Amino acid sequence: RYSFTDLADFTANIDGIEKSVSLLYPLIEAAKPEVAKAVKDGFADTRTVLAASGTASYQAVDTDTRKRLSAAFATLAERLETINTAIGME
């Protein structure tokens with residue numbers, strides 16, 4: 001019923017989001033270089049935690065790693081939320 005490919009799906013989602021954001025980097029860097037750096041660091045941090053999670057199914061990921069994943073994604077989301085303001089869209 002379930003494919004248990006959550007970690008691969010998370011990685012694919014990060015790939016897609018990062019590609020979209022990368023198209024905005026010239027605008028972000030020109031307006032607010034610190035926001036561009038924070039966003040890039042957020043992607044790097046999230047990828048590091050994902051890589052440390054291994055390739056097993058999400059069901060095999062221990063509680064501490066799940067908490068680190070959750071925190072990394074939450075931090076990345078907060079940083080992504082600053083983009084619109086940084087480039088004058090809000």
Side-chain angles (χ1 to χ4, degrees):
R1 183 167 208 195
Y2 297 103
S3 64
F4 301 109
T5 60
D6 301 311
L7 295 173
D9 293 344
F10 293 163
T11 301
N13 287 334
I14 290 295
D15 290 345
I17 295 165
E18 190 169 27
K19 176 60 179 174
S20 298
V21 171
S22 73
L23 300 173
L24 297 173
Y25 279 138
L27 295 172
I28 303 166
E29 289 171 341
K32 298 273 185 172
E34 67 278 7
V35 170
K37 182 181 180 334
V39 170
K40 287 178 182 179
D41 290 347
F43 278 114
D45 294 345
T46 302
R47 287 187 182 284
T48 297
V49 176
L50 272 170
S53 301
T55 57
S57 76
Y58 187 70
Q59 287 67 24
V61 174
D62 63 69
T63 302
D64 288 338
T65 303
R66 286 181 185 212
K67 287 179 182 177
R68 285 194 302 278
L69 278 168
S70 178
F73 276 100
T75 298
L76 178 59
E78 289 169 5
R79 292 176 182 185
L80 291 172
E81 288 175 359
T82 66
I83 291 173
N84 283 352
T85 303
I87 61 174
M89 298 297 293
E90 287 184 357

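Excluded from the calculations below are hydrogen atoms, water molecules and symmetry mates; all remaining heavy atoms, backbone and side chain alike, are included. None of these values were measured; they are calculated from a predicted model.
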TODO: Might you point out which heavy atoms bring Gly42 and Leu76 nearest each other, and give the distance in Å?
DONE: C-CD1, 3.7 Å
Task: Verdict with reasoning, Arg47 to Asp15, per side chain to side chain contact (heavy atoms under 4.5 Å, CB included) - done: CA-CA 10 Å; Arg47 287 187 182 284; Asp15 290 345; 2.7 Å; yes
Open item on the list: Let me confirm one number: the CD1-NZ distance from Ile28 to Lys40, rounded to the nearest 0.5 Å.
Closed with: 8.5 Å
- [ ] Measure the CE-CD1 distance between Met89 and Ile83 for me, rounded to the nearest 0.5 Å.
- [x] 11.5 Å
Open item on the list: Before you tell me yes or no, could you show the steps for Arg68 and Asp64 under salt bridge (charged side-chain N to carboxylate O under 4.0 Å, His left out), namely the whole-Å CA-CA distance, both residues' side-chain angles and the distance that decides it to 0.1 Å?
Closed with: CA-CA 6 Å; Arg68 285 194 302 278; Asp64 288 338; 5.2 Å; no
Task: Arg79 side chain to Thr82 side chain, donor-acceptor N/O pair below 3.5 angstrom - done: no
Task: Nearest-0.5 Å distance that lies between atom CG in Leu69 and atom CZ in Phe10 - done: 7.0 Å
- [ ] Working to the nearest 0.5 Å, report the span between CG of Leu50 and OG1 of Thr11.
- [x] 4.5 Å
TODO: Compare every heavy atom of Gly54 with every heavy atom of Leu7, then report the nearest pair and how far apart it is.
DONE: CD1-O, 3.6 Å
Open item on the list: Whether Asp62 and Arg66 form a salt bridge (side-chain N of Lys/Arg under 4.0 Å from carboxylate O of Asp/Glu) is what I want to check.
Closed with: no
Task: Non-hydrogen side-chain atoms of Leu80 and Phe43 separated by less than 4.5 Å - done: yes
Open item on the list: On a heavy-atom basis, which atom in Ala31 and which in Ala86 lie closest, and how many Å separate them?
Closed with: CB-O, 3.1 Å
Open item on the list: For Thr48 and Asp45, which I'm curious about, is there any donor-acceptor pair between the side chains at under 3.5 Å?
Closed with: no
Open item on the list: Once rounded to the nearest 0.5 Å, what's the spacing between atom CD1 of Ile17 and atom OG1 of Thr46?
Closed with: 9.5 Å
Open item on the list: For Lys67, is there any backbone N or O sitting under 3.5 Å from a side-chain donor or acceptor partner on Ser70?
Closed with: no
- [ ] Report yes if the side chains of Tyr25 and Val39 come closer than 4.5 Å at any heavy-atom pair, otherwise no.
- [x] yes
Task: Glu34 CD to Lys37 NZ distance, which is reported to the nearest 0.5 Å - done: 11.0 Å
